[in-house]
Amino acid sequence: MARFTTHVIVQCLMTTWAAGHTLSSSDTAGVTTASTKPNVLVFFADDLGVGDLQAYGHPTTFTPNLNQFAAEGVRFTQWYSGFHVCSPSRAAMMTGRLPIRTGCAGASWTGGVFSDIATSGLPLNETTMAQALLGAGYSTAMIGKWHLGQRDEYLPTSRGFQHYFGIPYSVDMGMSAWRPKAGNRGTVLPLLHNKTVIEQPVNLDTLSVRYGAFASDFIKNESSKGNNWFLYAAFNHVHVPNFVSPKWCNQTLRGLYGDALAELDETLGTIMQAVKDAGVDDNTIQFFSSDNGPWLIHKLNGGSAGLLRDGKTTTWEGGIREPGLVRWPTRIAPAVSEHVVTTYDIFPTVLELAGVPLPTNVVLDGKSMVPVLLNNATSQHDCLFHYKGTPGLSCPKDHNDCPGLWTVRCGAYKLHWVTSTWQNGSNNGVFHDPPLLFNLDIDPGESFPIASNSAEYTTWRATIEAARDAHEKTLKTVPNQMAMGTNADYGVCGCPQSQQKNPKFPNCTCNPENFQNFVCGNPYPLAAQELQDNGGLPTNYASRTTPDGLQMW
């Protein structure tokens, strides 16, 4: 089958490149030698839509550092996540494998994520990118959201990262000043250093600055020793609740979501500057993307997929197509690329550049981007397989054999057997017989299905269904990690006897003062009932006034 055929448009930039050209195949022969192995920096946003960045056309967000990143690197217009929600997409990125292969595609046919008190996590027999690079002599560190298991054996420092500073899951999965009730969860939102709770609840007002400082120190220290390093910067922004420090409150036209995105951008800029200050910018390959599309049930607090249809929790393009940027000064020329790539391609790309053999005992779904990035080759994927969940689990009554694989893209064509929408809830599916077929080259918004009685439809439906059947033959039944359930005893708790000292606060509250942190606006409008039950908006919630003077919550 012919691979994706697209082209790259090289931008005219006022930049002088030290190498003078994009690497040819003769140049790439040396990228894995000891002296030229690149450092690796992966920036990962949370719930960011492809329509949210200035570099992708948003008129009122403020992202100057990401603008620079895009101008100095490759901006992909067809970059796909490995899944439509958090945990599975992160598992795919860390392993180069679709979540269905690792048992991380959810506890039902419509998907799911790891709980804050999950029994399991990313299986321990899976090789993570950090483990592979650590074994090759890289120093490794992570900041931010992990969401692949909160028990000690699943945390980053058990999965190849030597250093970790962050929140082990989403910021709405624990009580804090920004979500006092957290959906009546019993967890108080923790901040970890390696495996130790250092703050609970976390002060989100200062978190971004602390992330930047931790990452910058790691880069400076390892670079000064001449060590190759891998840093995974997984931002908690822009997942609801949209927390921002006083510095960024009321600073953008886009509202509270825009303020949070601007704070992310500032932290990214701090880390990028640290790379430059350490003198290793030319030898550091940097990636930026997001785990999944915008969470549209939160409306203006949930982001935008631009012209793409729907968002997070769906297999429409808005749920799985993400912003994707790659920057490597002197090695990769600035460009806009229409080549189809994925988040789970980062794994084989990085290992190839680092001279690390790929695992041979598992099926890898990711394809190295090296030919695309360095030689302007076309996409290395024939087809992409987009799962909504795990087949056969919690099926609707009239579909006992419900599929987990809801849609497949081959070439420009995408076939949907089942769809859902954010308005109708993420746990529902509409079956289509015949399936819906779209040509994404001419209809990226998936608005006009191809007529099922046309020759075009017949040809591409047969092609895609043959690819689906071949793909499913490569699958093995593995334990479903999310179906292993939850246990309150596995919650992260730094102060298990805290109520003896602070009886007015939930147990595990180590820092009761942080429940009174400054909060910009109402960062989680859907939690209005929680706040009402708690006596209305807390006194530490500051009203948000937009730059044009409109007051809003």
Side-chain angles (χ1 to χ4, degrees), residues 81-89 98-115 292-293 295-297 308-320 383-410 413-438 440 443 445-454 457-458 460-486:
S81 170
F83 211 78
H84 57 85
V85 290
C86 306
S87 298
S89 69
L98 289 173
I100 193 66
R101 300 193 192 277
T102 62
C104 293
S108 80
W109 76 301
T110 57
V113 301
F114 286 113
S115 164
N292 47 253
W295 204 358
L296 298 179
I297 63 171
L308 304 180
R309 184 167 178 173
D310 224 291
K312 177 180 177 177
T313 75
T314 80
T315 53
W316 296 106
E317 290 292 284
I320 53 179
C383 300
L384 299 180
F385 304 91
H386 300 295
Y387 283 78
K388 182 66 164 74
T390 303
L393 292 185
S394 302
C395 294
K397 292 181 180 180
D398 53 344
H399 291 280
N400 293 328
D401 59 345
C402 58
L405 182 60
W406 283 22
T407 182
V408 173
R409 174 178 178 171
C410 295
Y413 291 84
K414 183 179 175 188
L415 191 70
H416 293 267
W417 294 278
V418 190
T419 61
S420 62
T421 67
W422 72 267
Q423 295 100 328
N424 293 334
S426 61
N427 295 323
N428 297 306
V430 176
F431 288 78
H432 300 282
D433 186 15
L436 302 177
L437 180 70
F438 298 92
L440 297 180
D443 182 20
E446 298 172 290
S447 300
F448 306 100
I450 295 168
S452 61
N453 60 355
S454 67
Y457 180 94
T458 301
W460 280 101
R461 177 179 178 180
T463 297
I464 293 173
E465 291 188 338
R468 175 198 61 185
D469 295 344
H471 162 75
E472 289 181 337
K473 290 179 180 178
T474 71
L475 300 178
K476 295 181 179 180
T477 300
V478 297
N480 188 305
Q481 302 301 314
M482 292 166 193
M484 293 183 183
T486 61

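Screening residues 465-475 for salt bridge (charged side-chain N to carboxylate O under 4.0 Å, His left out) gives R461-E465 as the qualifying pairs, with residues at least two apart or on separate chains.
Contact of the S454 side chain with the W460 side chain is not registered, since no non-hydrogen atoms from C-beta on lie closer than 4.5 Å. At least one side-chain heavy atom of Y413 sits less than 4.5 Å from a side-chain heavy atom of L437. You'll find the side chain of R409 reaches within 4.5 Å of the side chain of L440, heavy atoms only. Contact of the F83 side chain with the C104 side chain is not registered, since no non-hydrogen atoms from C-beta on lie closer than 4.5 Å.
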Name each donor-acceptor pair under 3.5 Å that joins a side chain in residues 389-405 to protein atoms two or more places apart or in another chain, with its distance.
residue: T390; atom: OG1; partner: G106; partner atom: O; Å: 2.7
residue: T390; atom: OG1; partner: N480; partner atom: ND2; Å: 3.3

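Listed by chain and number, the residues in a side-chain hydrogen bond (donor to acceptor under 3.5 Å, both in side chains) with T314 amount to none (sequence neighbours excluded). Scanning for side-chain contact (heavy atoms from CB on, under 4.5 Å) contacts around L296 gives P294, D310, W422, with sequence neighbours left out. For F385, the ring pair (Phe, Tyr, Trp, His ring centres under 6.0 Å) partners at least two apart in sequence or on another chain are H471. Taking the side-chain contact (heavy atoms from CB on, under 4.5 Å) definition, one finds that V430 meets it with T419, H432, sequence neighbours left out.
To the nearest 0.5 Å, atom CD1 of residue I297 and atom NZ of residue K312 are 8.0 Å apart.
At least one donor-acceptor pair closer than 3.5 Å links the side chain of T407 to the backbone N or O of L415.
Remark: of the listed residues W316, F431, W406, W316 is the sole one forming a ring-ring contact (aromatic ring centres under 6.0 Å, His included) with H416.
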